[in-house]
Visitor: 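This is the structure I want to talk about, given as structure tokens.
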Amino acid sequence: MNIEACPFNLDFTLCCGQVFRWEKRGEWWYGVVDSRPLRVRQTNNILEFHNVGEALVRRYFSLDHDLQRISSEIGKDAHVRKALEEFWGLRIIRQEPWECLISFVCATYKSVAAIRNMLQKLSARFGEKTRYDGRDFYSFPSPKKLASATLKDLESCGLGYRAKYVKKTSERVNSGECELEVIRKMPYEQAKNVLQNLPGVGSKVADCILLFSMDKLEAYPVDVWVRRITMKYYSEHFPAAFVRKLSSKNSFSNSDYEKMNAFGRRYFGEYAGYAQEYLYHYERLNH
DNA sequence: TACTGGCCTAGGTA
DNA sequence: ATACCTAGGCCAG
């Protein structure tokens, strides 16, 4: 099935670090959404897909986001405008909140390559297998599955100290104590506070979940790359002492996080998350 | 309130 | 090869 998608760039969208389980084979991207394997490819402005409906594709890839409007809102300076130009068509997708939550709990203090492997092992071990296009695919494991897994089993997927966070968080979601769909409907600040009560979810992980799966485009995650970007391009927006402190260390505290986060949201506005994602991708690829 | 060290492990690099 | 370093942070003290 085909639909028109413009502006849209499938490669940028799936390679910018917001989602980890997609894999490209030849021209086709293979993934699993709503426990269903699918493949997608882009030729110019045409998006071709198999095994899922059009509504799912439009929703998942956020084809309703008005990129022109977003671009004019966040295009505050030459740096972000350069990133917008270079990666034009990158969209923030609507992942499933559950998969997004566990993905970013696992993502702390790990490289993207390692995160991909962890999530792949987790899915192969605890997800449901489906045959598609001559190959095995696995759904993302349910809260129930992960809640009932032993720490040892989780650790064997390479999770390390994250295993206990994944287990505890899964238990809370599985029991109904934590309802992701309810959190999704809350305003940004409230949703962030509730998410941060989950084990393994701090301010950065919460912002990633809100941005990539809960329609909170004002969320502005600050990771090591965004810190570098902040120091490199936006240091004049901060006191000199703050800049000295952050430039001399290679870690930063939660209050430092909140300062950079508040700047991003104030400076870029309601679509700050888009600015973050373009800048992040730009800086990573030109590092 | 703000800061610091410790933490599991696997890719990547020298 | 083999050691060493760092990786999209979180949490307890």
Side-chain angles (χ1 to χ4, degrees), chain A residues 12-22 83 90 92-93 95 99-122 124-125 149-170 172 192-213 219-232 238-239 241-242 244-246 248-262 264 272-287:
Chain A
F12 294 158
T13 299
L14 292 178
C15 285
C16 65
Q18 55 179 328
V19 65
F20 301 100
R21 292 217 302 142
W22 285 85
L90 184 161
I92 288 175
I93 65 176
Q95 287 183 55
E99 177 168 349
C100 191
L101 165 61
I102 297 302
S103 296
F104 282 93
V105 167
C106 290
T108 72
Y109 214 51
K110 275 288 182 189
S111 65
V112 172
I115 298 164
R116 292 176 59 90
N117 284 332
M118 280 191 283
L119 296 175
Q120 189 49 43
K121 284 181 193 167
L122 215 51
R125 177 134 191 186
T150 66
L151 280 181
K152 199 174 176 184
D153 287 339
L154 294 173
E155 284 164 359
S156 75
C157 296
L159 297 199
Y161 66 83
R162 302 161 196 78
K164 56 183 179 292
Y165 300 142
V166 167
K167 183 165 171 64
K168 284 184 188 172
T169 286
S170 299
R172 291 215 202 158
K192 186 168 175 179
N193 283 331
V194 175
L195 282 173
Q196 286 191 80
N197 290 327
L198 292 170
V201 180
S203 44
K204 193 271 178 178
V205 171
D207 273 323
C208 287
I209 298 163
L210 290 165
L211 178 61
F212 301 138
S213 75
Y220 186 83
V222 180
D223 54 41
V224 291
W225 290 98
V226 174
R227 188 195 72 169
R228 285 172 196 146
I229 290 162
T230 307
M231 293 297 104
K232 198 164 158 186
F238 295 85
F242 181 81
R244 272 200 306 279
K245 187 175 71 172
L246 256 71
S248 63
K249 297 190 304 183
N250 50 14
S251 63
F252 54 98
S253 68
N254 199 57
S255 72
D256 296 335
Y257 180 98
E258 295 304 336
K259 285 178 182 127
M260 289 184 276
N261 175 267
Y274 258 99
Q276 189 271 6
E277 207 52 22
Y278 273 88
L279 287 168
Y280 170 86
H281 198 51
Y282 176 79
E283 193 65 16
R284 256 179 75 95
L285 266 57
N286 292 299
H287 183 63

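Treat the numbers as computed from the prediction; the structure is a model and nothing was measured. Order of the sequence lines sets the chain letters (A, B, ...), proteins ahead of strands, with each chain counted from 1.
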Visitor: Any N or O donor-acceptor pair linking the side chain of A/Arg162 to the base of C/dC10 at under 3.5 Å?
Guide: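 Between C/dC10 and A/Arg162, which were checked side chain against base, a qualifying N/O pair under 3.5 Å is absent.
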Visitor: So if I take every side-chain heavy atom of A/Tyr161 and compare against B/dC7, C/dA7, C/dC10, which nucleotide ends up nearest?
Guide: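 For A/Tyr161, the side-chain atoms sit closest to B/dC7.
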Visitor: Pick the P atom in C/dG8 and in B/dG6, then give their distance to the nearest Å.
Guide: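 About 23 Å, rounded to a whole number of Å.
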Visitor: Students often get this wrong, so: under 4.0 angstrom with heavy atoms, is A/Lys259 touching a base, only sugar-phosphate, or nothing?
Guide: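 It contacts nothing in the nucleic acid.
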Visitor: What residues, two or more places apart in sequence or in another chain, satisfy side chain to side chain contact (heavy atoms under 4.5 Å, CB included) together with A/Tyr165?
Guide: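 Scan of A/Tyr165 (side chain to side chain contact (heavy atoms under 4.5 Å, CB included), adjacent residues dropped) gives A/Val105, A/Tyr161, A/Pro199.
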Visitor: By the 4.0 Å heavy-atom rule, please label A/Ala113 as base, sugar-phosphate, or nothing.
Guide: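 Sugar-phosphate, backbone atoms only, no base.
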Visitor: Round to the nearest Å and state the distance from A/Met118 atom CE to B/dG11 atom C1'.
Guide: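 Rounded to the whole Å, the gap is 11 Å.
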Visitor: Rounded to whole Å, how long is the line connecting atom CZ of A/Phe242 with atom P of B/dA2?
Guide: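 Distance check: A/Phe242 CZ to B/dA2 P gives 12 Å.
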Visitor: Heavy-atom contacts under 4.0 Å between residues 249-258 of chain A and DNA chain C, which residues?
Guide: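 Nucleic-acid contacts, sorted: none.
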Visitor: Look at the side chain of A/Asn261 and the backbone N and O of A/Tyr220, then say whether any donor-acceptor pair between them is shorter than 3.5 Å.
Guide: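 Flag set: sc A/Asn261 to bb A/Tyr220 pair under 3.5 Å.
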Visitor: Is the shortest distance from a Lys or Arg side-chain nitrogen in A/Glu283 or A/Lys232 to a carboxylate oxygen in the other one below 4.0 Å?
Guide: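 Yes, this pair counts.
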Visitor: Examine C/dC10: is either OP1 or OP2 under 4.0 Å from a nitrogen or oxygen in the side chain of A/Lys164? Give yes or no.
Guide: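 No, because none of the side-chain N or O atoms of A/Lys164 sits under 4.0 Å from OP1 or OP2 of C/dC10.
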Visitor: Are any of the side-chain nitrogens in A/Arg227 or A/Asp256 under 4.0 Å away from the carboxylate oxygens of its partner?
Guide: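 Salt bridge: no.
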Visitor: What interatomic distance, in whole Å, is found between P of C/dC11 and the corresponding atom of B/dA10?
Guide: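 One P to the other, the span is 22 Å.
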Visitor: Less than 3.5 Å apart, any donor N or O on the side chain of A/Ser103 or A/Arg21 sitting next to an acceptor on the other?
Guide: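 No.
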Visitor: Starting at atom NZ of A/Lys121, determine the distance to atom C1' of B/dC8, rounded to an integer number of angstrom.
Guide: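 Taking NZ of A/Lys121 and C1' of B/dC8, I get 13 Å after rounding.
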Visitor: What integer distance in Å separates A/Trp225:CH2 from C/dG9:P?
Guide: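 From A/Trp225 CH2 to C/dG9 P: 11 Å.
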Visitor: Between CG of A/Leu101 and OG of A/Ser170, what distance do you get to the nearest 0.5 Å?
Guide: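 If I round to the nearest 0.5 Å, the distance is 7.5 Å.
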Visitor: Checking all strands, does A/Gln18 fall into the base, sugar-phosphate, or nothing category for heavy-atom contacts under 4.0 angstrom?
Guide: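 The answer is base, as A/Gln18 lies within the cut-off (heavy atoms under 4.0 Å) of a base atom.
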Visitor: Under 4.0 Å, heavy atoms only, any strand: does A/Cys106 hit a base, just the sugar-phosphate, or nothing?
Guide: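 Contact class for A/Cys106: none.
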Visitor: For A/Pro221, is there any backbone N or O sitting under 3.5 Å from a side-chain donor or acceptor partner on A/Tyr280?
Guide: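 Judged by distance alone, no pair lies under 3.5 Å.
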Visitor: Regarding A/Ser156 and A/Asp153, do their side chains bring together a donor and an acceptor under 3.5 Å, going by distance alone?
Guide: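 Not at all, the side chains of A/Ser156 and A/Asp153 share no donor-acceptor pair under 3.5 Å.
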Visitor: For the pair A/Arg162 (side chain) and A/Thr108 (backbone), establish whether a donor and an acceptor sit closer than 3.5 Å, ignoring hydrogens and angles.
Guide: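 Judged by distance alone, yes, a pair lies under 3.5 Å.
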Visitor: Could you state the atom-to-atom distance from CZ of A/Arg227 to P of C/dT6 in whole Å?
Guide: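 Atom-to-atom, A/Arg227 to C/dT6, this comes out as 12 Å.
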Visitor: Nearest-Å distance, CZ (A/Phe104) to P (C/dG9)?
Guide: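 Taking atom P of C/dG9 as the reference, CZ of A/Phe104 is at 11 Å.
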Visitor: Tell me what A/Leu198 touches on the nucleic acid: a base, only sugar-phosphate, or nothing, going by heavy atoms under 4.0 Å.
Guide: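 Sugar-phosphate, no base atom in range.
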Visitor: To the nearest 0.5 Å, how far apart are NZ in A/Lys164 and CD in A/Glu155?
Guide: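 The NZ atom of A/Lys164 sits 8.0 Å away from the CD atom of A/Glu155.
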Visitor: Would you classify A/Val112 as touching base, sugar-phosphate or nothing, given that sugar-phosphate means primed atoms plus P, OP1 and OP2, and contacts are heavy atoms under 4.0 Å?
Guide: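 Base, at least one base heavy atom under 4.0 Å.
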Visitor: In whole Å, I'd like the distance from the NZ atom of A/Lys110 to the P atom of B/dC7.
Guide: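 Taking atom P of B/dC7 as the reference, NZ of A/Lys110 is at 15 Å.
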Visitor: Determine whether a donor-acceptor pair (one donor, one acceptor, N or O, separation below 3.5 Å) exists between the side chain of A/Lys204 and the base of C/dG8.
Guide: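 In this structure, the two groups form a donor-acceptor pair.
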Visitor: List DNA chain C stems (3 or more consecutive Watson-Crick/G-U pairs, under 3.5 Å)?
Guide: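 Stems for DNA chain C, defined as runs of 3 or more consecutive pairs: B:3-7 with C:9-13, B:9-14 with C:2-7.
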Visitor: Does A/Gln18 use its side chain to pair, donor to acceptor, with the backbone of A/Ile93 at less than 3.5 Å?
Guide: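 Side chain of A/Gln18 to backbone of A/Ile93: a pair is present.
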Visitor: Which comes earlier along DNA chain C counting from the 5' end, the contact point of A/Gly17 or that of A/Gly200, where each point is its nearest nucleotide?
Guide: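 Closest to the 5' end, via its nearest nucleotide, is A/Gly17.
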Visitor: May I ask you to say what A/Val201 touches in the nucleic acid, namely base, sugar-phosphate or nothing, with a heavy-atom cut-off under 4.0 Å?
Guide: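 Answer is sugar-phosphate: A/Val201 comes under 4.0 Å of backbone atoms only.
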Visitor: When you match A/Tyr165 and A/Asn117 each to their closest nucleotide on DNA chain B, which lands nearer the 5' end?
Guide: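 That would be A/Tyr165.
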Visitor: Nearest whole angstrom, please: distance from the P of C/dG8 to the OH of A/Tyr278.
Guide: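 From A/Tyr278 OH to C/dG8 P: 21 Å.
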